[in-house]
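Have a look at the structure below before the remarks.
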There are 2 protein chains.
Amino acid sequence: MVKVKTTDLQTQEKIFKAASEIFEEKGFAAARMQEIADRAGINKALLHYYFRSKELLFEAVFQVLLKKMFEKILSVFMMDISFEKKIKLYYEEHINILIRNPNLPLFLLNEISHNPGLGKGIRETLRYAEMRDVIYRKHAKEIRKYGIRKGELPQLMVTIVSMAIFPFAARNVMKMMMEQLGDTKSFNTFMQARKEFASDFVIAALKNRKK
Amino acid sequence: MVKVKTTDLQTQEKIFKAASEIFEEKGFAAARMQEIADRAGINKALLHYYFRSKELLFEAVFQVLLKKMFEKILSVFMMDISFEKKIKLYYEEHINILIRNPNLPLFLLNEISHNPGLGKGIRETLRYAEMRDVIYRKHAKEIRKYGIRKGELPQLMVTIVSMAIFPFAARNVMKMMMEQLGDTKSFNTFMQARKEFASDFVIAALKNRKK
DNA sequence: AATATCTTTGATCGATTAGTTAAACTATAA
DNA sequence: TTATAGTTTAACTAATCGATCAAAGATATT
């Protein structure tokens with residue numbers, strides 16, 4: 001039997017995958033290098049060989065998870081489609097991503113709040129100014145039609161994303177609630193239904209705003 | 001000079017206050033007993049004298065902070081006023097509480113998600129079934145008028161609370177955004193404006209729902 | 001085959017941390 | 001004053017954790 005040697009790339013990927021999972025589940029402070037090594041199926045010293053320290057390993061993982069969260073969203077908001085279609089597509093795409101990575105919101109919000117030094121990577125990934133400019137340029141008429149003043153656009157943006165992100169951050173509380181209320185539907189079923197509910201809700205609100 | 005002896009109650013309160021602050025800021029895993037002792041101005045061994053372990057101290061603090069988050073909200077939703085007035089009052093009261101305790105949402109969501117054993121206290125404090133029954137009983141007609149089906153009520157509830165809670169959980173990200181966008185208003189000013197924006201948004205959406 | 005370089009491991013180190021202990025200190029009451 | 005119970009402290013312990021190191025193993029180069 002020929003023993004196939006795992007190359008360094010494979011090892012690095014194994015470490016990265018394990019570290020992503022552990023950090024996402026437990027956060028930086030509660031994550032243990034030993035547990036990451038165990039899940040990757042390697043020795044603990046090898047972690048320090050590939051990534052010098054826990055901090056560096058974390059930062060590498062953090063940047064990738066940050067991109068996983070925001071890249072698709074950014075691309076949706078850059079698209080050349082109507083504002084209503086954009087909202088529908090946003091919920092469809094973002095909720096799909098979050099169903100596959102349900103721990104992402106709480107992990108990111110938490111680490112950003114505890115480690116202000118992570119700010120640089122955020123600015124580069126989540127390009128707010130660019131997004132706002134695109135929205136102003138492409139949807140100025142629609143937004144004015146809806147009675148949204150210029151200064152209220154941040155309020156609207158926060159509202160839209162919170163409807164997709166918050167349920168994942170509050171996922172365990174929601175599961176307890178649903179269980180106690182005798183709701184037999186799963187959390188994922190709830191989030192599937194939320195795609196349409198959120199789209200309709202936002203569009204209905206915009207069509208009925210006081211001008 | 002007469003040295004006034006601090007009574008045990010004063011000491012216990014000092015410890016509790018310091019522990020609340022540290023746990024709220026850093027979370028259970030990153031909080032240090034030494035730091036709590038320092039902030040309380042006492043010896044570390046005294047922490048273990050009043051609260052046997054870090055876990056017990058944390059659980060005591062957690063229950064109080066959980067109540068601080070949900071007690072007022074529960075009382076608002078129990079009141080005998082119209083649904084629209086209830087929504088307005090909810091945002092007014094809850095956002096006021098959160099402005100005074102901005103770290104509360106992320107702290108609670110995070111600890112609940114990392115420690116499922118905390119579930120008991122949550123069920124007793126956040127009495128979902130009771131809240132849902134009250135809403136069904138008092139507002140059945142309004143909710144039907146708005147085109148909200150019975151099964152969609154959880155969607156509506158999550159939407160309402162997320163608009164108040166999420167911005168605090170994402171507070172640091174929002175601060176970065178506002179800074180980069182050249183927004184000179186403070187986060188608290190944003191949240192003050194959000195009281196009216198959120199009320200209007202929810203009411204507008206409800207009045208315009210497809211039946 | 002011989003050498004050099006890269007990868008992986010077991011063992012260990014030093015620092016940090018929650019928790020303990022024994023003794024000192026204070027207040028109260030007899 | 002003395003005895004008792006409650007409070008506070010400095011010093012210490014045991015365990016955990018991130019990090020290091022020396023040596024073994026694997027791969028590539030000549």
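The chains referred to below are lettered A, B, ... by the order of the sequence lines, with proteins before strands, and numbering in each begins at 1.
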For [X] and [N], give me the distance from atom [atom1] to atom [atom2], rounded to whole Å.
{"X": "B/Lys54", "N": "C/dT16", "atom1": "NZ", "atom2": "P", "value": "16 Å"}
{"X": "A/Ile36", "N": "D/dC17", "atom1": "CD1", "atom2": "P", "value": "12 Å"}
{"X": "B/Phe58", "N": "C/dG19", "atom1": "CZ", "atom2": "P", "value": "14 Å"}
{"X": "A/Leu47", "N": "D/dA19", "atom1": "CG", "atom2": "P", "value": "10 Å"}
{"X": "A/Lys26", "N": "D/dC17", "atom1": "NZ", "atom2": "C1'", "value": "14 Å"}
{"X": "A/Gln34", "N": "D/dA19", "atom1": "CD", "atom2": "C1'", "value": "12 Å"}
{"X": "B/Gln10", "N": "C/dA27", "atom1": "CD", "atom2": "C1'", "value": "14 Å"}
{"X": "B/Asp38", "N": "C/dT17", "atom1": "CG", "atom2": "P", "value": "11 Å"}

Checking side-chain polar atoms at under 3.5 Å, does [X] have a donor or acceptor matched by the opposite partner on [Y]?
{"X": "A/Asn96", "Y": "A/Lys72", "value": "no"}
{"X": "B/Arg123", "Y": "A/Gln180", "value": "no"}
{"X": "B/His48", "Y": "B/Lys54", "value": "no"}

**OP:** Check whether any side-chain N or O of A/Arg32 sits under 4.0 Å from OP1 or OP2 of D/dT16, and answer yes or no.
**Re:** no
Original post:
Taking only side-chain nitrogens and oxygens of A/Tyr49, does any of them come within less than 4.0 Å of OP1 or OP2 of C/dT7?
Top reply: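 So the side-chain polar atoms of A/Tyr49 do come within 4.0 Å of the phosphate oxygens OP1 or OP2 of C/dT7, strictly under.
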Original post:
Looking across every strand, which nucleic acid part, if any, lies under 4.0 Å from B/Ala31 by heavy atom: base, sugar-phosphate, or nothing?
Top reply: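 B/Ala31: backbone/sugar contact only, no base atoms under 4.0 Å.
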Original post:
Which part of the nucleic acid, if any, lies within contact of B/Glu55, taking any heavy atom under 4.0 Å across all strands shown: a base, the sugar-phosphate backbone alone, or nothing?
Top reply: sugar-phosphate
Original post:
Would you say A/Gln192 and A/Ile95 make side-chain contact, with heavy atoms under 4.5 Å?
Top reply: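 Not touching, per the 4.5 Å side-chain cut-off.
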Subject >> Upstream residue (5' side of DNA chain D) when A/His48 and B/Leu46 are each assigned their closest nucleotide >> reply: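 Residue closer to the 5' terminus by nearest nucleotide: B/Leu46.
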Original post:
How about A/Phe187 and A/Phe168: are their ring centres within less than 6.0 Å of each other?
Top reply: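 They qualify: ring centres under 6.0 Å apart.
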Subject >> Nearest listed nucleotide, side chain of B/Tyr50, among C/dG19, D/dA19, D/dT8 >> reply: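 Looking only at heavy atoms from C-beta outward on B/Tyr50, the closest nucleotide is D/dT8.
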**OP:** With the side chain of A/Thr11 defined as its heavy atoms from C-beta on, choose the nearest nucleotide among D/dT8, D/dG18, C/dT8.
**Re:** C/dT8
Subject >> Evaluation steps, side-chain hydrogen bond (donor to acceptor under 3.5 Å, both in side chains), between A/Ser162 and A/Thr159 >> reply: CA-CA 5 Å; A/Ser162 78; A/Thr159 301; 5.5 Å; no
**OP:** Have a look at A/Met69 and tell me which of A/Val64, A/Ile97, A/Leu98 forms a side-chain contact (heavy atoms from CB on, under 4.5 Å) with it.
**Re:**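 Only one of A/Val64, A/Ile97, A/Leu98 forms a side-chain contact (heavy atoms from CB on, under 4.5 Å) with A/Met69, namely A/Leu98.
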Original post:
Given axes from five pairs at either end, by how many degrees does the helix from C/dA1-D/dT30 to C/dA30-D/dT1 bend, rounded to 10°?
Top reply: 10°
**OP:** Tell me whether the guanidinium CZ or amine NZ of B/Lys26 lies under 6.0 angstrom from the six-membered ring centre of B/Phe107 and within 45° of its axis.
**Re:**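 B/Lys26 over B/Phe107 ring: no.
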Original post:
So does A/Glu25 pair up with A/Arg39, basic N to acidic O under 4.0 Å?
Top reply: yes
Is there any protein nitrogen or oxygen under 3.5 Å from a nitrogen or oxygen in nucleotides 10-13 of chain C, and what are the pairs?
unit_1, atom_1, unit_2, atom_2, d
C/dG10, OP2, A/Asn43, ND2, 3.1
C/dG10, N7, A/Asn43, ND2, 3.3

Original post:
According to the interplanar angle, ranging from 0 to 90°, do the rings of B/Phe58 and B/Phe28 count as parallel (below 30°), tilted (30 to 60°) or perpendicular (above 60°)?
Top reply: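 Rings of B/Phe58 and B/Phe28: perpendicular, as their planes differ by over 60°.
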